[in-house]
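Notes follow once the structure below has been shown.
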Amino acid sequence: MSTQQEWNTLGQSRTRRLERASKFAEGKNVHPDHIVQLLEAVLEPGDRLCVEGNNQKQADFLARAMVQTDPQQVRDLHLVQSVLALPEHVDLIERGQVSRIDFSFAGPQAGRLARLVESNRITIGAIHTYLELFGRYFIDLTPQVALVAAQMADRQGNLYTGANTEDTPAIVEATAFKGGIVIAQVNQIVDTLPRVDIPADWVNFVVQAPTPHYVEPLFTRDPSLITETQVLTAMIAIKGLYAKYGITRLNHGIGFDTAAIELLLPTYATDLGLKGKICTHWALNPHPTLIPAIEAGFVKSVHSFGSEVGMEKYVAARPDIFFIGADGSMRSNRAFSQAAGHYACDLFIGSTLQIDLHGNSSTATKDRIAGFGGAPNMGADARGRRHASPAWIKAGQEARGDTYMPRGQKLVAQVVETFREHMEPAFVEHLDAWDLAKAAKMILPPVMIYSEDLTHIITEEGICHLLLCRSDEEREQAIRGVAGYTPVGMGRDKRAVENLRDRGIIERPEDLGIDTRQANRDLLAARSIKDLVHASGGLYDPPKKFRNW
Amino acid sequence: MERFEITLPSLHVSALQQSALCGVVSSGNLEVMIEANSTPESCHFEVNTSADGFQDIWRAVLADFSERHKVGGLNISINDAGATPAVVSLRLTQAYEESQEGSDA
Amino acid sequence: MSDVKVFDQLFGANQHTVRVDGFFLSGSAQVGGQPVAVMGTWNAAPMDGDLALAIAAEILRVVEADVGQAPRPIIFIADTQGQALSRHEEVLGLNGYFAHVARCTDLARRSGHTIVTLIHGEAVSGGFLAYGLLGDIVCAMPGAQVRVMDLRAMSRVTKIDFDRLQSLAKESPVFAPGADNYWRMGGVTTLWRDGSEQDWPNLLAAALTEAINNPKTDARHQLGKERGGRTLAAQIGSDISG
Amino acid sequence: MHNKRVSFFEATARTRVSTLVDSGSFTEFCPPSKRFTSPHLARLDAPVAFDDGVVVGSARLDGQPVFIVAQEGKFNGGAVGEVHGAKIRGLLDRAAVEKPVAVLLLVDSGGVRLHEANAGLIAISEIMRALMATQAAGVPVFALVGGSCGAFGGMGIVTRLCDEVIMSEEGRLGLSGPEVIETVKGVGEFDSRDRSLVWRVTGGKVRRALGEATQLVDDDVAAFREGAIAAMSPVQRSANDLATLKQQHATLVQRREKHAHTVDGIEVWRQAGFAHPEGVAMLSASAFNEQLNTSVAEVKS
């Protein structure tokens with residue numbers, strides 16, 4: 001043996017970095033004024049860096065510190081993080097400090113990112129789902145440095161992430177156990193934490209940020225903005241989907257369409273005698289619009305990806321429903337809740353911007369690289385699922401017929417109004433995702449939910465049971481048959497559509513016994529944010545921008 | 001703004017109890033006014049819309065409505081501020097129902 | 001024209017006691033040999049609660065002083081850029097202060113005081129509504145600007161193209177700034193032409209006589225109809241009130 | 001079954017009218033079938049409404065004859081144009097002659113309609129004169145404010161001319177909208193996106209605590225109805241005479257002294273005697289009224 005194999009280069013790298021950083025810290029404690037120097041000391045060119053940012057909690061102070069680092073020194077970084085949410089994330093690219101990114105969602109920065117890609121200033125490795133990206137943290141995209149956010153730290157460096165635990169455990173575990181450096185910004189340093197969410201020996205540095213980290217109230221939907229059409233589609237969903245399959249375990253996407261369903265549970269669904277029979281177990285953030293259903297006793301359990309601003313006190317006061325620690329506050333966990341949504345739920349229902357004639361749906365629009373988040377995991381059949389439930393088995397039988405090997409199927413539904421604002425049709429022959437893929441040189445068009453996974457489409461015109469279709473032609477006519485007055489809808493073969501209706505593959509509101517005149521906002525269990533506050537017994541404390549009192 | 005009139009055949013309305021006005025002219029919404037006219041076998045529509053270029057869709061929506069309801073003998077006037085067909089259909093139905101009810105309903 | 005000169009020109013030098021105090025002015029004078037009370041705003045005043053109270057106090061003072069004797073006519077001088085814009089004024093309910101001025105004006109009218117408004121400089125929305133626009137007769141002096149909002153801002157708020165607004169403003173008096181537009185719509189009774197300075201005392205005396213002789217009812221919609229600037233208001237009003 | 005509350009905030013002007021007055025008693029003047037739409041909006045290529053955004057007519061309230069005006073806040077922000085304004089003015093003129101027990105003014109307006117700004121400004125001035133003439137004829141006018149546009153601009157002034165102002169906490173009353181102040185004076189003066197602040201500055205609870213609103217009711221048309229009925233019960237209304245106006249003047253002077261630096265409703269509530277002014281925004285209307293009455297009683301004693 002000529003050379004001795006070195007088995008701990010990662011550990012040595014970490015030691016090297018910690019030594020360089022030590023002069024900017026007192027033990028683990030970093031003064032906010034020294035954070036930029038510390039980052040410069042820790043980071044090396046070519047590092048994979050995760051600046052914790054998902055669609056809710058943001059390590060915003062550390063992101064601001066990053067854009068103050070010297071671009072000559074801190075460069076050639078590879079960003080690996082859930083969401084490009086803050087302007088600083090994209091500033092890093094513009095400053096030439098980041099050359100490659102792997103992420104899952106870029107909502108607020110989607111336009112800027114698209115321009116940078118088109119001008120060849122950044123290479124996108126891939127756009128993932130959350131679970132995919134977390135998975136790759138443990139395979140080939142492990143961060144060398146992770147900048148995370150927590151509510152509090154104690155003197156030893158234990159972290160309390162509380163209700164907004166979100167991505168932190170996944171990021172820190174991957175980084176800390178593979179020779180990386182974990183730096184946490186905290187709102188407060190205390191002697192004793194309410195509980196330990198991240199143990200101190202996984203954390204290298206703690207800095208108390210001058211201002212509390214930002215949390216976006218992303219899942220708050222003001223009931224006053226729910227339209228009559230959304231009430232109608234919610235009625236169709238409850239009667240034509242939830243009741244039909246007896247769906248008890250589910251996940252809802254973000255949107256007014258699904259908020260309307262949540263607000264119809266204590267009223268419409270209760271009148272239909274569905275309490276206890278549907279919507280009992282959820283993988284869902286603490287949606288304020290779920291409060292009335294919880295209070296009505298509809299809901300038995302909710303596990304959350306993250307928290308929601310203003311819901312902390314309410315959630316803590318309902319420990320039978322939410323996942324609450326011994327300290328009395330919730331713990332969320334995006335990775336676990338995503339896994340739960342994928343494997344343990346029978347239904348995903350959400351909204352989209354475009355659906356094509358095959359049933360592929362996408363939220364991609366030209367000039368914006370928005371990505372996916374978690375919906376593709378929620379909205380995909382779980383091929384690895386091995387436990388049965390009535391809804392899953394029924395869907396499987398409908399989709400596959402009587403096959404030799406019995407198998408179930410995840411129910412995946414999209415609910416859309418046939419036209420969006422400004423008369424943009426939701427049904428198209430050609431998804432904008434194709435054009436975006438071409439412009440952004442992506443290998444795959446960014447499709448949120450693939451045709452083969454989609455089982456139902458609900459519009460104001462009715463519901464189509466795609467899983468009952470037996471040919472591509474039938475499927476296309478079923479989609480056209482609920483596409484209303486869009487060009488796709490007007491292009492329907494009327495006889496074929498009537499035939500599908502006779503066979504129950506398309507159901508109109510009247511076929512379901514729904515009186516469209518009943519579809520008005522009076523049916524909502526809460527019609528304003530204030531109603532939600534009252535429903536919560538004053539425990540829900542909505543963010544200022546949602547208040548009108 | 002675009003303005004057009006359409007007359008469509010429809011079965012004679014059973015009885016017009018009262019003229020009716022439904023909806024409000026606000027973004028994405030419309031108002032529908034129903035009055036009696038003197039042509040029992042057809043319905044006359046007058047549409048004022050802020051969204052130009054959607055006459056074909058309007059025709060399709062109104063044709064379906066005239067087929068589904070007995071609206072012969074009615075004038076239906078519409079002021080639209082860019083409502084989607086879903087909202088238009090809903091509002092037409094509401095106005096129709098209201099015109100069929102007694103004034104105290 | 002400086003403060004004093006305007007009032008000298010209107011009422012005759014040394015024949016009046018009108019004094020300007022910041023944005024507020026008041027005093028007494030003679031018009032056509034008849035004593036009048038003069039009050040109002042100056043220097044394109046942003047009208048806040050204090051200024052509103054100053055005008056209201058002056059109106060009440062005059063009304064009280066004339067109890068039991070011939071009520072003096074009141075000459076309102078209007079020069080205001082509109083209401084003061086601040087959170088403080090809003091919390092305190094500036095609209096209520098303006099309403100109070102309006103109520104005092106109405107009391108004066110009902111107590112027999114004839115009211116003539118002279119617009120000097122600017123007359124803009126809220127500040128003008130509170131008192132000036134309530135005169136029995138409203139005269140726009142040369143150079144007077146009357147408006148709710150200038151066209152640029154209007155274009156921004158309504159999202160209507162500025163050029164379009166500008167060209168439509170040539171055909172219609174209904175939205176664009178201008179004393180003549182208000183004249184055509186009946187909001188301004190009389191326009192005093194440029195170069196009429198020497199004639200101001202006579203114009204004012206004539207306005208006062210007209211105001212005294214006119215019935216004390218609001219005839220602005222009739223005036224707007226006669227002048228062709230506002231034709232529907234009269235028709236609809238009478239359609240309802242008979 | 002479910003709550004049958006009709007939210008005043010959400011309801012259209014027509015629904016407010018039909019649910020507020022005695023069932024079936026409403027007769028509309030100048031109804032939409034007359035098609036008095038705004039030619040000025042049409043000329044600017046803006047959508048028009050058959051009633052130009054305001055419903056006027058006569059009705060019965062608790063059996064008594066009333067006149068009623070309801071502005072439609074969802075149409076052009078309830079803004080006053082030529083036709084809209086003339087309908088209100090005409091109704092007030094008629095009220096001065098026919099003398100109903102009261103006129104109800106359901107204000108929901110940002111003020112002057114910019115598309116016809118000059119017509120709107122003059123119309124509001126005419127409404128002000130007509131309103132005071134109606135009051136002088138012995139007919140009280142009540143303002144009901146609880147719509148999405150509140151009562152601003154000239155309609156904010158008109159509202160404060162009324163004998164009673166009945167508000168919900170959702171209702172807003174002021175002169176300049178927060179957006180205007182922010183645009184001109186900057187976000188530091190007034191952050192219009194801070195909705196909570198907007199309501200602390202202009203909302204029903206501040207107006208009630210200052211005594212500008214005479215009643216604070218729930219966001220429920222039935223509650224507004226009860227409020228209007230209560231306001232109709234015969235009381236000795238002070239005439240707008242010299243003594244009354246001098247007294248009101250003194251009150252307004254006092255308010256400016258007492259609130260020389262106030263920029264937030266919290267200070268108003270503190271001075272009104274609320275033990276926890278920061279929590280006032282979250283109080284229900286009934287709890288608010290109870291605490292207000294208690295504190296007023298304490299202040300007086």
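Proteins get letters first, then strands, A, B, ... in listed order; numbering begins at 1 in each.
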Any sub-3.5 Å donor-acceptor pair from [X]'s side-chain atoms to [Y]'s backbone N or O?
X        : Y        : result
D/Arg255 : C/Leu92  : yes
D/Arg89  : C/His221 : no
C/Gln83  : D/Leu175 : no
D/Asn118 : C/Ala176 : yes
D/Glu82  : C/Ala233 : yes

Stacked cation flag D/Arg43 on C/Phe175, 6.0 angstrom / 45 deg: no

Quick check on [X] against chain C: is it the side chain, the backbone, both or neither that has a heavy atom closer than 4.5 Å?
X       : result
D/Asn76 : neither
D/Val83 : both
D/Val56 : side chain
D/Leu92 : neither

For atom [atom1] of [X], decide whether the heavy atoms of other residues, nucleotides or ligands shown that lie under 6.0 angstrom number more than 12.
X        : atom1 : result
D/Arg193 : CZ    : no
C/Gln69  : CD    : yes
D/Glu179 : CD    : yes

Under 4.5 Å from any heavy atom of chain D - which part of C/Met185: both

List the steps, then state whether side-chain contact (heavy atoms from CB on, under 4.5 Å) holds for C/Ile236 with D/Cys30. CA-CA 8 Å; C/Ile236 286 161; D/Cys30 203; 4.3 Å; yes

For chain C, which of D/Met132, D/Glu116, D/Gln135 has the most heavy-atom pairs under 4.5 Å? D/Met132

Max heavy-atom pairs within cutoff under 4.5 Å with chain C, candidates D/Leu44, D/Thr159, D/Ile88, goes to D/Leu44

Hey, mind stepping through C/Arg87 and D/Glu182 against salt bridge (Lys or Arg N to Asp or Glu O under 4.0 Å) and telling me if it holds? CA-CA 9 Å; C/Arg87 214 165 92 192; D/Glu182 181 183 320; over 6 Å; no

Chain D contacts: which residues in residues 134-141 of chain C have a non-hydrogen atom closer than 4.5 Å to it? C/Leu134, C/Gly135, C/Asp136

Give the C-alpha distance, both sets of side-chain angles, the deciding distance and a yes or no for side-chain contact (heavy atoms from CB on, under 4.5 Å) between D/Arg256 and C/His88. CA-CA 10 Å; D/Arg256 289 190 77 78; C/His88 170 68; 4.3 Å; yes

Considering the options D/Val201, D/Val263, D/Val198, which one meets the side chain to side chain contact (heavy atoms under 4.5 Å, CB included) requirement together with C/Glu90? D/Val201

Option passing side chain to side chain contact (heavy atoms under 4.5 Å, CB included) with D/Ile157 (candidates C/Val101, C/Leu94, C/Asn95): C/Asn95

Show your working on side-chain contact (heavy atoms from CB on, under 4.5 Å) between C/Leu85 and D/Ile181 and close with a plain yes or no. CA-CA 6 Å; C/Leu85 296 172; D/Ile181 298 176; 4.1 Å; yes

I'd like to know if the side chain of C/Arg156 pairs up with that of D/Thr183 as donor and acceptor (distance under 3.5 Å, no hydrogens or angles considered). no

For C/Arg152, the salt bridge (charged side-chain N to carboxylate O under 4.0 Å, His left out) test, sequence neighbours excluded, returns none

